[in-house]
Asks: 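Please find one structure pasted underneath; my questions will follow.
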Amino acid sequence: MKRILLGWVISLLFVGSAPAAETYQLDPGHTYVLWHISHFGFSNPSGKWYAKGTLILDETKPQDSKLDVTINTADIDTGIPKLDEHLKNKDFFDVARYPTATFVSHKIQMTGKETAKVFGTLSLHGVSKPVVLDVKLNKIGMSPIKNKKTARFSATTQLKRSDFDINAYLPGLGDEVKINIEAEANKN
Amino acid sequence: MLIKNTENHYGAMAILLHWGMALLIIGLLGEGLYMVNLPISLQKLKLFGWHKEYGVLVLILVCFRLGWRLTNSVPALPINLPKWQKIAARMAHWSFYVFMFAMPITGWLITSAAGLPVSFFGWITLPDLIVPNTDLRIFFTEIHQWLAYGLIAVICLHMGAAFKHHFINKDNVLRGMLP
């Protein structure tokens, strides 16, 4: 009897620890990185990039999840074509030389049931530095539009553009950049 | 060549500081004269930003250079040089130190008074020396401007004297500062 019970417990453990990691693709139509910066203290202009990438989501052990995101720096969108052009030139993102920016996670620390700190490396403008995202899971479920399992997240972070050698017009044009991220990922 | 100065030749450090800062300062003077006449534009703002950063670099370098100057002997001037010329040469040299401090500090005061702080190549933002004030901004701008004219005059005198020593007196004064 004892042996049967033990076997049952062990088999249960195995089921419980079955690999639950699933691979999702970030949906570039609903995934963006929105930044805000101080314009000489007068206003706080913003702009965004839509992003693509891969999320390996482990629902049972979310801390084992992985994230890899890429943006094309030339796709910057402020709604102001002249400003977009300025941001693409050598003063700022120098998109001819640095066409992409990436964020790759290397550690996830759960801070609540649906919140986590995602530690990773942001590579931007030829510089790679650690950045921490405060991420909140909004919803996991079937998307009624795509008929695919979909995960939705919101995230925030803050960084200094001088850390990435983007120094033009400092400090009037603020150094601190606030970032809001919205992400929607569809299971493959 | 030695790092430190000797009786008849400047050392490598003094030579590096002399020519490096000469380039930097003459560049800043030229850029400054050019940028102030531009109409307000992003380009002008960018040039002002560079002028401030490199100006701070001069201030940092001159602190080190003054320390180096005070802890080193300097090559002697030619023995047969008239006394007034010896005094004039040393006065010109020390006046450069006054300019090298006064130019960046008045520049810092202008930018503080204008409420446009200085970033040093994105590493740090300098604290403001005074609160924004239009009258003081104009006052320090004028001082900065006249100091620049004075500095240009002393540079011309210094270069003229160096060439006179080299080509007319045919002595070793200029050679003492060459690598």
Side-chain angles (χ1 to χ4, degrees), chain A residues 35-47 73 76 78-98 101 122-131 157-179, chain B residues 24 27-28 31-32 34-61 104-134 136-138 140-141 144:
Chain A
W35 49 260
H36 312 264
I37 193 170
S38 166
H39 188 240
F40 293 80
F42 294 118
S43 64
N44 291 293
S46 62
T73 50
I76 194 161
T78 60
I80 307 158
K82 217 176 143 187
L83 179 56
D84 290 347
E85 286 313 309
H86 191 192
L87 290 170
K88 283 188 235 178
N89 80 16
K90 282 187 179 173
D91 273 358
F92 295 99
F93 295 102
D94 198 359
V95 301
R97 227 175 130 193
Y98 308 107
L122 175 63
S123 301
L124 169 68
H125 198 251
V127 180
S128 294
K129 287 256 163 80
V131 165
T157 190
Q158 197 156 341
L159 52 86
K160 280 185 158 60
R161 64 189 176 101
S162 61
D163 284 348
F164 295 88
D165 280 345
I166 303 174
N167 296 331
Y169 309 106
L170 280 174
L173 188 62
D175 196 7
E176 291 282 337
V177 182
K178 281 192 185 134
I179 291 176
Chain B
L24 195 58
L28 277 166
E31 191 227 1
Y34 168 73
M35 73 184 190
V36 291
N37 291 318
L38 292 176
I40 283 275
S41 62
L42 271 178
Q43 179 66 8
K44 181 172 188 166
L45 200 62
K46 188 151 79 178
L47 290 173
F48 267 72
W50 288 347
H51 191 81
K52 293 175 192 182
E53 289 174 315
Y54 285 97
V56 173
L57 183 60
V58 168
L59 186 57
I60 293 167
L61 287 173
I105 289 169
T106 52
W108 190 352
L109 286 162
I110 297 167
T111 201
S112 298
L116 291 168
V118 183
S119 165
F120 187 61
F121 302 101
W123 289 341
I124 51 158
T125 298
L126 268 57
D128 286 332
L129 298 174
I130 49 175
V131 294
N133 178 317
T134 306
L136 284 176
R137 177 178 62 78
I138 294 166
F140 287 120
T141 302
H144 194 72

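Below, chain A is the first sequence line, B the second, and so on; all start at residue 1.
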Asks: Might you confirm whether atom OH of B/Tyr54 has over 12 heavy atoms from other residues, nucleotides or ligands at distances under 6.0 Å?
Replies: no
Asks: Might you confirm whether atom NZ of A/Lys160 has over 12 heavy atoms from other residues, nucleotides or ligands at distances under 6.0 Å?
Replies: no
Asks: Does A/Lys88, at its NZ atom, have more than 12 non-hydrogen atoms belonging to other residues, nucleotides or ligands within less than 6.0 Å?
Replies: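 For A/Lys88, atom NZ is crowded (more than 12 foreign heavy atoms under 6.0 Å).
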Asks: Against chain A, label B/Phe121 side chain, backbone, both or neither, depending on which of its atoms sit under 4.5 Å from a heavy atom there.
Replies: backbone
Asks: With only heavy atoms counted, which part of B/Leu116 is less than 4.5 Å from chain A, the side chain, the backbone, both or neither?
Replies: side chain
Asks: For B/Gly122 and A/Leu170, which heavy atoms make the closest approach, and how far apart are they?
Replies: CA-CD1, 3.6 Å
Asks: For A/Pro171 versus B/Pro117, what's the shortest heavy-atom pair and its separation?
Replies: CD-O, 3.0 Å
Asks: Sort A/Asp91 into side chain, backbone, both or neither according to what part of it lies under 4.5 angstrom from a heavy atom of chain B.
Replies: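 When you check distances to chain B, only side chain atoms of A/Asp91 fall under 4.5 Å.
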